[in-house]
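Below is one structure, written out as structure tokens, with a few remarks after it.
Below, each value reflects all heavy atoms present in this structure, side chains not excepted, and no hydrogens, waters or symmetry copies.
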2 protein chains.
Amino acid sequence: MAAAGFRRSVVLKRRPGGEPSRGDFDIREDPVPHPEAGDVVTRTIWLSIDPYMRGRLREEQTYATAVQIGDVMTGETVGEVVESGDPAFQPGDLVVGARGWQTHSVTPGKQLVKIRKGAAPLSAYLGILGMPGATAYAGVTEICKPKPGETFVVSAASGAVGSVAGQLAKRAGARVIGIAGGPDKCFWVQDSLGFDDCVDHRSIDLRGELHAACPNGIDAYFENVGGAVQAAVFEQLNPFARVAMCGMVSQYNEKTPPPGPNLGFVVGKRVLIQGFIVSDRPERLTEWRTMAEPLVAEGNLVYREDVIEGLENAPDALAGILTGRNFGKLLVKVSPEPS
Amino acid sequence: MAAAGFRRSVVLKRRPGGEPSRGDFDIREDPVPHPEAGDVVTRTIWLSIDPYMRGRLREEQTYATAVQIGDVMTGETVGEVVESGDPAFQPGDLVVGARGWQTHSVTPGKQLVKIRKGAAPLSAYLGILGMPGATAYAGVTEICKPKPGETFVVSAASGAVGSVAGQLAKRAGARVIGIAGGPDKCFWVQDSLGFDDCVDHRSIDLRGELHAACPNGIDAYFENVGGAVQAAVFEQLNPFARVAMCGMVSQYNEKTPPPGPNLGFVVGKRVLIQGFIVSDRPERLTEWRTMAEPLVAEGNLVYREDVIEGLENAPDALAGILTGRNFGKLLVKVSPEPS
């Protein structure tokens, strides 16, 4: 049978104190299971690496259950069905929705979504057409609500979420300023994504450069990083600014988070600061995919991928995304795409 | 003529470094002016003292223009018309809307609202039926949106804004917990306002007492004080909590505001934090007055006043409200009510 053989899984060995590393995980081998009724076995092709995964390694639970020691590490994948106990799926179907850092996953069929072959590259369903894209969509349209002529700032601007957020704000008519790490990313953000400007957060005068890029102040901010970038942006918010709090990746490796901004400005400037998690309304993902597929196909939404080969390199990939070593949507290629 | 004679005004002499004091102001005497066409001269009966006034003493402007050195200090009053250049007003009319720490003010008639005689005590138009009441109404109904069974917390609970905010949340069916300074205020908040509990912010275990009072966490918070109270409340917010940022009086005398909370929780708990200023939508005040007048008349909304006699004591009154020395809506009685 197609599902015969062994599979490899990356399991949590110990909770990392700071930056996660290869030694915090084990590789486990076991036979590829056969599916129970209703379940589907998939061969993983693409594994998504996202900053939120760091939170799953903590003892304390946040909004989602922590990964337990000995458990397979969680993560979205695109895969090919190899054996199905759900009549809705056949071997050879391509699906998104299985979770796990492993070469083969067993997933209830009702959690899987079939990918329409040829509509877009498979990997795009983990990035611009997946959770990161839908996250950008939710934060921009439900919280930031940029209006024509307003100034919209997004941090981690070359990343999977930030790059989409800025493009959506641009489409809404805003002046869009990215914040990214290093000249290559900043160049790409302006040249390929078409943002109006991009500020390097490693600049010794982040505040001054941000001010030069936003002479009329900041009306909306899509927050991905926290820390010094957050402080610089908050100082330059305009009255009635909206801040979509998507993440604060700069502190995900910290044991004790540093103090934050004094919130007096929130009163005087009537600022709205709102946290959100895309999966709270799963229908957002379907809505976004339907809307974005043609835009991606026509080249009206641009994305960039950073691909790491081999499941065993997933821990290094996670460490890298937390310090901005990736450039674009970070993916692990676990096995070949079907020819 | 009725407006003949001299008037006294409290003018800003120097900007206070910390707590404002009598020495930061001068008393100026000049003849009561006659009104130009469209203007109205009023004799001040009641002057409202509110925490926001501290912000007007700062060099840097916030959302409103700073009071300049030598200028009459600003503040809402209830007064009696003594001479009118606006045909809509006659001597003897009672009005709210004139601004200034002075015994007589000159105000464009279009900024004044006539008080319907006998509907409520005159002073109530500066408190529960005035800007503080409308502020509570805006923050509760537009941001906190308490639902039946939810836990609603308000700081400065015995104050002009907090006491109304909690009563409105109670009417919406929420479990309402006040935070106030000292046993007398806490007793009154529970006994007279009918809050479910009240925590003394001077307690050595504020966090623990707040947790005991809010065993199911906090769903909505009406913020008036900032500082340690804010930190304790923020730690205990539930997912999807709403925070109405009305003020942070604990730091109004500080030159450099202290660091604030790390905002990581805003993401994980999808918290909404929103600043607001009631005067951004002036129609709120009319809407609130119309709604609240009968509730106050029937005793269904309770309030308490703390009255200081004499205009010359207004600076001390302001210093007192910034450190919580008042108990209830703080007012200066400038001259007698009409008999």
Counting C-beta onward and ignoring hydrogens, is there a side-chain heavy-atom pair between [X] and [Y] closer than 4.5 Å?
X      : Y      : value
B/V267 : A/C246 : no
A/V266 : B/I273 : yes
A/L263 : B/M245 : yes
B/N262 : A/P258 : yes

Side chain from CB out, backbone as N, CA, C, O: work out which of these in B/F265 comes under 4.5 Å of a heavy atom of chain A, or both, or neither. neither

What part of B/P261 gets closer than 4.5 Å to chain A, counting heavy atoms only: side chain, backbone, both or neither? both

Measure the CG-CZ distance between A/L272 and B/F276 for me, rounded to the nearest 0.5 Å. 13.0 Å

Between A/Q251, A/R242, A/E223, who has the most heavy-atom pairs with chain B when the cutoff is under 4.5 Å?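 The answer is A/Q251.
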
Examine whether an atom of A/Y52 lies under 4.5 Å from a heavy atom of chain B, and if so say whether it belongs to the side chain, the backbone or both; otherwise answer neither.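 For A/Y52, there is no contact with chain B at all, as no heavy atom is under 4.5 Å.
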
Give the C-alpha distance, both sets of side-chain angles, the deciding distance and a yes or no for side-chain contact (heavy atoms from CB on, under 4.5 Å) between B/V271 and A/Q274. CA-CA 6 Å; B/V271 170; A/Q274 188 167 10; over 6 Å; no

